[in-house]
Amino acid sequence: MIRELEFVESDWVALRWAAGSLTALFRHAVPRQVKVALERAAGPADRRPSNGKKVVGVMLGVGFAGALLALFVCGLWHHILILLPHGEWERATVAVIGVLEIAYLRVAIALWRPRRAVALGILFGGLALTVHVAMHIRPVFS
Amino acid sequence: MAWPKIRLSRQTVQVLDLFLDSPKDWKHGYDISRSTGLMSGTLYPILMRLAEHKLLETCWEAAEVGRPPRHLYRFTPEGLRFAREQRAFRASRGETRVALKGVKS
């Protein structure tokens with residue numbers, strides 16, 4: 001469904017299409033992941049999550065953070081650059097990353113109790129992104 | 001024949017009706033979206049569900065140079081029979097309602 005973005009005419013429709021696709025992927029994947037997790041949790045042995053499961057959870061979180069980053073960069077970047085005068089790409093970056101970090105935080109809070117490993121992965125992704133952007137943006141602002 | 005237990009929401013019926021209009025043709029997700037007015041977040045779960053129940057078959061379209069391949073959807077023979085039966089059922093139910101309205105008035 002993401003590939004269809006190549007064939008969408010306008011940016012606004014493309015943004016809505018990308019957001020909808022992400023929703024569809026979540027609606028498709030999350031119930032399966034939850035089902036698998038519940039089946040594992042209900043198993044007689046090893047009721048506590050193993051290190052392997054935690055790693056998978058964190059990787060899922062990082063993957064989610066990456067997918068959201070791609071969505072935001074594809075969708076918001078262009079629109080924010082339209083709002084800002086030319087040459088202010090660093091401000092656009094800060095704006096996009098700011099909105100993205102809020103989204104990360106919101107999802108991480110929602111997932112903290114049921115899926116702590118995934119929430120940690122998302123927070124880790126957000127932190128890595130912030131550090132990365134700060135390293136590149138700081139020389140521009142100074 | 002025992003049909004799969006599939007929730008026939010208004011949107012699902014829209015998608016089935018669209019495929020019924022040209023049952024032999026392969027359709028792209030975006031074209032279906034434009035024809036039905038459904039956005040991707042609504043459309044794709046429906047398409048995935050129909051494909052899981054073997055009512056739709058899918059394939060990848062050979063891509064043009066510089067463009068990614070696209071997923072195509074079409075009725076399976078079972079899907080076509082299912083959709084026709086559902087349409088007939090809805091039509092008969094609709095006719096019954098119309099007849100009942102006529103009796104009341």
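Letters go in sequence order (proteins before strands), and every chain restarts at 1.
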A.B. asks: Decide if atom CZ of A:R16 counts as having more than 12 heavy atoms of other residues, nucleotides or ligands within a radius under 6.0 Å.
C.D. replies: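 Counting other residues, nucleotides and ligands, CZ of A:R16 stays at 12 neighbours or fewer.
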A.B. asks: Is there a path from B:L72 to B:L43 through hydrophobic residues (I, L, V, M, F, W, Y) whose side chains come within less than 4.5 Å of each other?
C.D. replies: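 B:L72 does not cluster with B:L43.
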A.B. asks: About how many Å separate OH of B:Y44 and OG1 of A:T23, when rounded to the nearest 0.5 Å?
C.D. replies: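 With rounding to 0.5 Å, OG1 (A:T23) is 13.5 Å from OH (B:Y44).
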A.B. asks: Please state whether the side chain, the backbone, both or neither of B:R34 comes within less than 4.5 Å of a heavy atom of chain A.
C.D. replies: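 B:R34 touches chain A through side-chain heavy atoms alone.
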A.B. asks: Is A:W112 linked to A:L60 within one hydrophobic cluster, defined over Ile, Leu, Val, Met, Phe, Trp and Tyr using a side-chain heavy-atom separation of less than 4.5 Å?
C.D. replies: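 No, A:W112 does not connect to A:L60 through the hydrophobic network.
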A.B. asks: Side-chain heavy atoms nearer than 4.5 Å, only ILVMFWY residues, links allowed to pass through others: does that put A:V62 and A:L69 together?
C.D. replies: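 Cluster IDs for A:V62 and A:L69 differ.
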A.B. asks: Highest number of heavy-atom pairs under 4.5 Å with chain A: which of B:M48, B:R49, B:M39, B:R70?
C.D. replies: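 Highest number of heavy-atom pairs under 4.5 Å: B:R70.
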A.B. asks: Among A:A19, A:A18, A:A24, single out the residue with the greatest number of heavy-atom pairs under 4.5 Å to chain B.
C.D. replies: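 Top option by heavy-atom pairs under 4.5 Å: A:A24.
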A.B. asks: Where on B:E52 is there a heavy atom nearer than 4.5 Å to chain A: the side chain, the backbone, both, or neither?
C.D. replies: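 The side chain, not the backbone.
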A.B. asks: So with a 6.0 Å cut-off around CZ of B:R87, is the heavy-atom count from everything else above 12?
C.D. replies: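 Yes, the 6.0 Å shell around CZ holds more than 12 heavy atoms from other groups.
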A.B. asks: Could you have a look at B:P69, B:P45, B:S40 and say which one has the most heavy-atom pairs with chain A under 4.5 angstrom?
C.D. replies: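 Most pairs with chain A among the choices: B:S40.
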